[in-house]
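Quick note on labels: first sequence line is chain A, next is B, and so on, each numbered from 1.
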Amino acid sequence: MSKIVEVQDLVKYYGSGENLVKAVDHTSLCIESGKFTAIVGRSGSGKSTLLHMIGGLDRPDSGRVLIDGKDIFGLKSDRLAQFRRKKIGFVFQDFNLIPSLNVWENIILPMGLDGRKVPVEEVEEKMEYLGLLGKRKAMPAMLSGGQKQRVAIARALVMNPAIICADEPTGNLDSQSELEVVDLMKKCVRDYGQTLVMITHDEGIAQMADCVILIEDGKVVSQS
Amino acid sequence: MKMVTKVAYANMKYHKSKNILTGIAIFLTTLLLFLVPAVGFDSVELQFAVTNKLYPTWQALYRNVDTDTVNRLRAHHDMETYGLRSDVGKIANEEAEISMYYMDETGMELYRIELTEGHVPKEKSEIMVSKGMLDSLGIHAGLGDTVRFPVQKYVGNQLDYIQETEFQICGFLPDSEAALENQTYMALISREYMEEIIPGEEIRYRFLFRVSADERTEIDKLKDQIKGIAGKFGISEAEIGFNDDYLYANYTDPAQLPIICLIMLVIIVAGVITIYSIYYISMTQRIQEFGRIKAMGATRKQVRQIVLREGFCVALIALPLGLAVSTVLLKPLLLYFVNMAGKSAFRQGYEEILRNGECNLYPWWLYLLTCVVALVTVYLSLLHPMQKAAGISEVEAMRYQEKQSGSRERKGYQDLTVGRLAKTNLYGDRKKSVLTILTMSITGMFVMVVATALSCASPSESADSDLYGQYELSLDTESGNQEHPEKEWDRVIANNPLTAELKAQIERLDGVERVETFTNVMVESDLQYQGEIAANQVLGLPESCFEELKKGIVEGKASWSDLLEGDKVIVNKALLYWCPEVKVGDQIQIRIEEEGQMVSRDLEVIAIGDYRFGLTGFCDLIFSKEAADSLLRQDCTGSFQVLAEKKYDAKLEKELQELAASSGLVAMQTWKEKYDFWKNSMNITQIVCIAFLCILSMICIMNLINTMIHSVHIRKKELGMMQAIGMTDAQMAKMLRMEGLFYTSGTLLLTIGAGSILGYPVFLWMKAQHLYSVTHYHYPTEAAVIVVVVMVAVQLLLTTALARSVKKESLIDRIRFSE
Ligand SMILES: Nc1ncnc2c1ncn2[C@@H]1O[C@H](COP(=O)(O)OP(=O)(O)O)[C@@H](O)[C@H]1O
Ligand SMILES: [Mg+2]
């Protein structure tokens with residue numbers, strides 16, 4: 001199996017002196033292409049910080065993140081943004097939809113930013129897949145939590161990114177929607193051959209993963 | 001309750017950027033609220049201080065009072081101070097006018113006469129003179145010297161034959177600059193001397209006095225009181241002289257208040273609009289916060305208190321700062337205005353008083369007033385936000401976690417671009433967008449309207465309108481002045497100095513194109529305003545003025561032959577102010593005195609016309625010169641209007657001046673004088689207006705800054721989100737710029753569009769009111785360009801600064817900790 005992400009000796013500290021927090025502390029790991037990798041660990045152990053750096057949202061103090069063998073922090077910030085919208089899709093715990101845009105616009109936003117013509121049929125197909133076809137013109141404020149998260153997933157998928165980074169995507173959902181959402185994402189990995197990296201503290205979800213990485217105090221404790 | 005203050009204080013710190021803006025707006029509002037009335041009040045106060053320093057201090061005088069009446073007046077219980085002056089005669093001199101007075105000591109005090117040397121005349125032969133007077137007589141003499149003067153005493157109103165009289169100089173009076181320039185001097189003699197040359201029963205005094213009154217006394221009431229006293233002693237109203245300078249300086253004139261109130265109202269409105277919109281704009285975001293506070297058990301009243309206290313906390317800092325800065329600014333500002341006003345005798349006094357602090361420029365009540373008005377402004381602008389915050393239901397606040405904008409479906413775009421993103425954001429917050437544009441435009445339109453008024457006020461055009469040509473030589477007449485009976489109109493025309501020969505002389509001068517002759521006839525008419533005759537001059541114009549006459553007609557019709565007939569007139573529209581009942585077709589009866597007999601004539605009003613002052617002067621009834629000339633046998637030429645090649649020519653002016661002076665009672669007015677006058681008075685208005693507008697614009701720009709900062713601040717997370725899914729920094733900067741451009745272009749469209757349109761009726765109004773003698777419309781191009789440039793520059797700077805400040809915070813921080 002090929003490695004799509006390679007994290008090398010990554011360090012991210014916050015604060016200094018007594019308040020020094022070693023959010024990510026000399027961490028190295030690999031993530032394999034086309035697999036579902038779950039990151040687990042106690043709250044505050046540095047999972048989100050690690051994921052943000054894998055996705056190129058945050059810059060480390062030292063160390064490297066290679067995606068397809070390329071050092072992403074070697075890019076300038078605008079190039080990194082462009083790289084992000086092509087290669088990586090994000091799904092956050094609190095959805096982060098743009099309230100002034102309707103569902104359709106929220107989903108196609110990354111394409112708009114990329115200056116691309118929208119492949120309407122392809123997007124509609126994904127929306128159908130996610131059960132959002134009827135909500136095209138709805139505004140985020142009208143949607144339930146599960147629906148919002150599905151819009152967020154659609155947005156992450158629409159560019160066909162190689163990697164989908166999800167930070168506790170089910171944290172704000174009831175258990176019914178939770179299962180639906182994780183199932184959907186797993187299906188995507190399988191059907192479209194994408195790589196899913198998901199933070200979760202749900203045992204059940206972690207068990208569905210191909211690989212589980214346990215983090216403690218900013219360090220990888222185990223990887224299976 | 002203490003909790004409420006704590007929350008309010010915490011809120012104030014938390015919403016720092018908004019509160020700094022509110023603070024600046026309150027600060028500027030305070031500045032204006034203080035400076036406008038302070039400059040108004042202080043300049044009046046200063047003028048009074050100067051008046052009190054330089055001018056006589058009697059309130060009024062009664063002329064021609066005999067000794068017996070003087071004694072009875074003295075006993076009147078209302079008299080606070082009184083003095084006497086009597087005009088005994090003159091000292092004959094070719095060049096100078098030297099009056100000889102007797103004055104008692106209070107009289108001298110009331111006239112502010114102070115000796116430079118010696119003592120007041122006591123002995124019969126003693127006299128007090130001035131150096132300038134001696135010079136004009138060509139006499140060199142010092143204190144105690146004996147001199148001989150050619151004295152002409154008054155017998156009734158006439159001057160008697162010259163009598164060489166010997167005096168001993170007992171004291172010296174100072175010469176004022178004005179006295180030296182005009183060559184008018186006075187000499188004071190003793191009571192003994194007066195009683196010697198004028199029989200006791202023929203002595204007439206001027207009784208100078210003050211009645212008891214305080215500064216709150218209204219001038220009209222005071223005048224009525226003084227007239228009342230005169231009535232009791234059989235003194236006619238014509239014999240009363242009021243010292244208006246002194247009266248206005250010391251007692252209340254109710255007329256100045258409304259203007260200051262109006263300006264303050266404008267400031268309050270601008271302040272309220274701005275502070276209100278600053279609060280309103282952050283309201284949507286803060287609804288959640290207030291909802292949470294309410295959910296925790298705060299009552300409506302407490303929520304209202306929190307909003308109010310937060311506002312007042314800011315005012316507590318901004319208000320004293322505004323007062324302090326305006327206190328510092330006031331004096332330099334006043335000095336600046338005084339210097340602007342050009343040179344005058346007043347100015348020195350002004351500066352002296354200002355520099356020596358002889359006048360209280362900072363009355364406590366002005367501070368109190370500013371505080372109260374500023375706080376009321378803050379309160380007014382907080383009313384609606386308070387209501388809104390208090391009215392939020394807890395559920396509402398909790399439920400709409402993601403802002404409330406757009407809870408209905410929206411069609412939206414198939415494809416997205418950065419431009420469309422900006423658009424949807426503005427549309428989602430359309431209420432806020434419209435509010436910002438509207439509030440900024442209101443101020444902007446105000447700026448444009450005032451700028452139009454300013455640009456229409458052109459000193460050169462006003463001067464054109466005020467004078468027919470470039471120079472006017474007219475009869476120097478004055479009616480009802482006891483001092484100068486020779487200036488009565490009928491006396492002057494008996495030997496009219498505006499002769500055909502003078503006209504020919506003028507025409508021969510270099511640079512003169514032509515000379516028009518206007519005829520003026522003094523009449524009495526049956527038109528009255530408050531018991532006084534309203535129309536008392538008939539104007540006869542030459543045919544060359546007919547075109548202008550015809551053009552100005554607003555009602556009715558007139559042909560030149562009508563105007564030649566002599567019983568048909570055009571009425572000047574200015575008359576309608578006094579007599580609004582006058583209509584076309586009316587008959588007006590005029591009476592003319594012809595050799596002691598009153599001859600009456602009926603004139604038909606055939607038209608009403610609106611004319612420039614230069615054409616009609618104060619005349620209300622206008623027809624042809626031929627018709628006017630035939631009214632009386634005497635030569636009624638009223639003025640020569642000189643049209644010259646150049647607007648101003650110093651040499652020509654001097655030549656004309658000489659001709660006028662040598663002709664006797666001829667007064668001259670020049671275009672240049674009018675131009676200078678208008679230029680001066682417009683200058684001051686202009687500077688005051690521009691300063692005022694600048695501060696108003698600054699208040700308005702606060703609004704734009706607030707809207708932009710706020711829209712970025714509350715969208716921090718959103719913007720971060722967009723960047724997380726791939727928006728580049730350049731794209732974000734572009735989006736922000738487009739949003740800002742929308743506000744700017746919307747505001748500019750309204751400001752320039754509506755402002756220009758609104759400016760035109762203001763011009764028409766000014767023209768109709770003859771305000772500043774405005775005649776032509778000038779579009780305020782400069783102001784428009786400045787407004788556009790400033791707005792665009794501010795907006796560009798702002799968006800650049802905002803985009804940069806957003807970038808400063810790391811992307812992840814924006815996504816993670818957005819509240
Ligand atoms: N911007 C920041 N400033 C300071 N400390 C931070 C910041 N971001 C994260 N941390 C700290 O870093 C540690 C790891 O955080 P995080 O990665 O969010 O943990 P997790 O996602 O595992 O709960 C925590 O102790 C957190 O408080
Ligand atoms: Mg986390």
Answer with side chain, backbone, both or neither: which region of [X] has an atom nearer than 4.5 Å to a non-hydrogen atom of chain B?
{"X": "Val103(A)", "value": "neither"}
{"X": "Arg84(A)", "value": "side chain"}
{"X": "Arg79(A)", "value": "neither"}
{"X": "Arg59(A)", "value": "neither"}
{"X": "Lys135(A)", "value": "neither"}

Residues of residues 720-734 of chain B with any heavy atom under 4.5 Å of a heavy atom in chain A: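 Residues Met721(B), Met722(B), Gln723(B), Ala724(B), Ile725(B), Gly726(B), Met727(B), Thr728(B), Asp729(B), Ala730(B), Gln731(B) are the ones that qualify, each having a heavy atom under 4.5 Å from chain A.
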Would you say that more than 12 heavy atoms from the other residues, nucleotides or ligands in this model lie under 6.0 Å from the [atom1] of [X], or not?
{"X": "Asp217(A)", "atom1": "CG", "answer": "no"}
{"X": "Lys126(A)", "atom1": "NZ", "answer": "yes"}
{"X": "Lys22(A)", "atom1": "NZ", "answer": "no"}

Most contacts with chain B, counted as non-hydrogen pairs under 4.5 angstrom, among Gly55(A), Pro161(A), Gly115(A), Gly112(A):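 Max contact count across the listed options: Gly112(A).
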Pick from Phe92(A), Phe83(A), Trp104(A) with the largest number of heavy-atom pairs that fall under 4.5 Å of chain B: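 So the answer, after comparing Phe92(A), Phe83(A), Trp104(A), is Trp104(A).
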Answer whether the closest heavy-atom distance between the side chains of Leu101(A) and Leu416(B) falls below 4.5 Å.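 Yes, side chains in contact.
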So how far is it from Asp415(B) CG to Glu105(A) CD, rounded to the nearest 0.5 Å?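 Asp415(B) atom CG to Glu105(A) atom CD measures 10.5 Å (nearest 0.5 Å).
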What's the shortest heavy-atom distance between Gln414(B) and Val118(A), and which atoms?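 Taking every non-hydrogen atom into account, O-CG2, 3.8 Å.
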